[in-house]
Protein chains: 2
Amino acid sequence: MLNPDPALPDPAPIFAALGDRTRLALLSKLGDGQARSIAALSTDTALTRQAITKHLHVLQDAGLVASLRVGRESRFAARREALNEARAYLDGVSRQWDDTLGRLKAFVEDAD
Amino acid sequence: MLNPDPALPDPAPIFAALGDRTRLALLSKLGDGQARSIAALSTDTALTRQAITKHLHVLQDAGLVASLRVGRESRFAARREALNEARAYLDGVSRQWDDTLGRLKAFVEDAD
DNA sequence: CATGACGGCAACCTCCTGGTTGCCTATTGA
DNA sequence: TCAATAGGCAACCAGGAGGTTGCCGTCATG
């Protein structure tokens with residue numbers, strides 16, 4: 001059972017998108033619900049605008065952000081769905097581990 | 001605020017480790033609390049033993065599994081701590097987003 | 001004690017990732 | 001209308017990730 005709930009899509013791409021400090025920082029900036037332009041998201045970072053753009057597209061492909069063209073700006077905002085999907089997956093795994101926690105002690109005991 | 005709780009270590013490496021289907025499958029196999037040898041974890045997969053070994057080391061570096069040498073075997077078992085760390089981070093982000101959900105709706109309604 | 005199972009190590013390959021630079025288009029607004 | 005701002009596109013690069021093969025050491029046991 002790779003996925004606790006087969007109805008949900010593969011969570012690996014979401015985790016992969018979350019597995020980068022720069023992208024976590026971007027998500028954090030967007031955490032206040034405001035949609036921001038690429039230029040706005042590129043300030044306060046040592047990276048170039050293009051690097052930020054690439055990261056935003058990774059987040060978008062994973063469903064973690066959505067983009068909207070407004071005039072000459074591309075505004076990005078956080079999406080809850082993908083985050084909830086990741087949370088649901090981890091909760092499912094955690095629950096699975098909880099259910100069999102008793103057997104975990106066998107790990108140490110099986111050593112001999 | 002990149003990390004909701006600065007006392008916690010950087011969650012990015014954990015998410016990066018989770019961002020691969022093969023590794024999620026390995027974690028899932030270990031979800032019953034049983035410690036398994038590399039050979040045991042290498043059955044039922046098209047990959048070679050060495051590929052599985054590499055994935056297990058990635059999981060171990062992220063703290064998601066622990067290894068124990070038993071005779072000629074290396075047994076791996078799931079660790080709860082790193083998983084809880086990832087869950088705590090996502091919960092923190094989710095809570096942050098909840099607090100400002102009202103402002104999000106304008107964007108979402110336009111984008112969807 | 002010899003043989004097979006377990007697995008570590010290292011080299012190698014390919015493709016992806018994170019980042020850069022350069023350039024071009026489109027929108028804005030004085 | 002024209003300069004400045006926002007950003008898309010493409011080439012390029014270095015390094016890392018995922019995977020393989022080959023070989024060698026170690027432990028268990030018939």
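Letters go in sequence order (proteins before strands), and every chain restarts at 1.
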Nearest-0.5 Å distance that lies between atom CZ in A:R95 and atom CG in A:D98: 8.5 Å

A:R49 vs A:G19, nearer the 5' end of DNA chain C by closest nucleotide: A:G19

Could you run down the sub-3.5 Å N/O contacts of the protein with nucleotides 1-3 of chain C?
none

With sequence neighbours excluded, residues passing side-chain hydrogen bond (donor to acceptor under 3.5 Å, both in side chains) with A:R87: B:D91, B:S94

Touch class at under 4.0 angstrom, heavy-atom based, for B:A51 against every strand present: base

A:E73 CD - D:dT5 C1' separation (whole Å): 9 Å

Rounded distance in Å - CZ (B:F76) to C1' (C:dG7): 10 Å

Approximate separation, where rounding is to 0.5 Å, of A:W97 CH2 and B:D32 CG: 11.0 Å

Spacing of A:I38 atom CD1 and A:R75 atom CZ [to the nearest 0.5 Å]: 12.0 Å

Joint cluster assignment, A:L41 & A:L59, ILVMFWY side-chain distance < 4.5 Å: yes

Any B:H55 side-chain nitrogen or oxygen under 4.0 Å from OP1 or OP2 of D:dG19: yes

Atom-to-atom span, CG of B:L56 to C1' of C:dC6 - whole angstrom: 14 Å

Spacing of A:L47 atom CG relative to C:dT21 atom C1', expressed in whole Å: 15 Å

So which protein N/O to nucleotides 27-30 of chain C N/O distances come out below 3.5 Å?
from	atom 1	to	atom 2	distance (Å)
C:dT27	O2	A:R72	NH1	3.0

Between D:dG18 (P) and B:L24 (CG): distance, integer Å: 12 Å

Point-to-point distance, once rounded to the nearest 0.5 Å, from CG of B:L90 to CZ of A:F15: 6.5 Å

Side chain B:R79, main chain B:G63, donor-acceptor under 3.5 Å: yes

Residue pairs, two or more places apart or on separate chains, that pass side chain to side chain donor-acceptor pair (under 3.5 Å) and touch residues 37-58 of chain B: B:R23-B:H55

Expected rows: protein N/O vs nucleotides 10-17 of chain D N/O, under 3.5 Å:
none

Atom pair CG/CZ of B:L26 and B:F76 - distance to nearest 0.5 Å: 10.0 Å

Reported CG-to-OG1 distance for the pair A:L27 and A:T22, which is rounded to 0.5 angstrom: 11.5 Å

Interatomic distance where CG belongs to B:D61 and P belongs to D:dG18 [whole Å]: 12 Å

Side chain to side chain contact (heavy atoms under 4.5 Å, CB included) against A:A16, all qualifying residues, sequence neighbours excluded: none

Nucleotide C:dA5, atom C1' - distance to CZ of B:R36 in whole Å: 19 Å

Sugar-phosphate, base or nothing in reach of B:T48, heavy atoms under 4.0 Å: base

Options D:dA6, D:dG19, C:dG7, nucleotide nearest the side-chain atoms of A:S37: D:dA6

Nearest-Å distance for atom pair CD1/C1', residues A:I52 and C:dT17: 15 Å

Polar side-chain atom of B:R36 near backbone of B:K29 as donor-acceptor pair, under 3.5 Å: yes

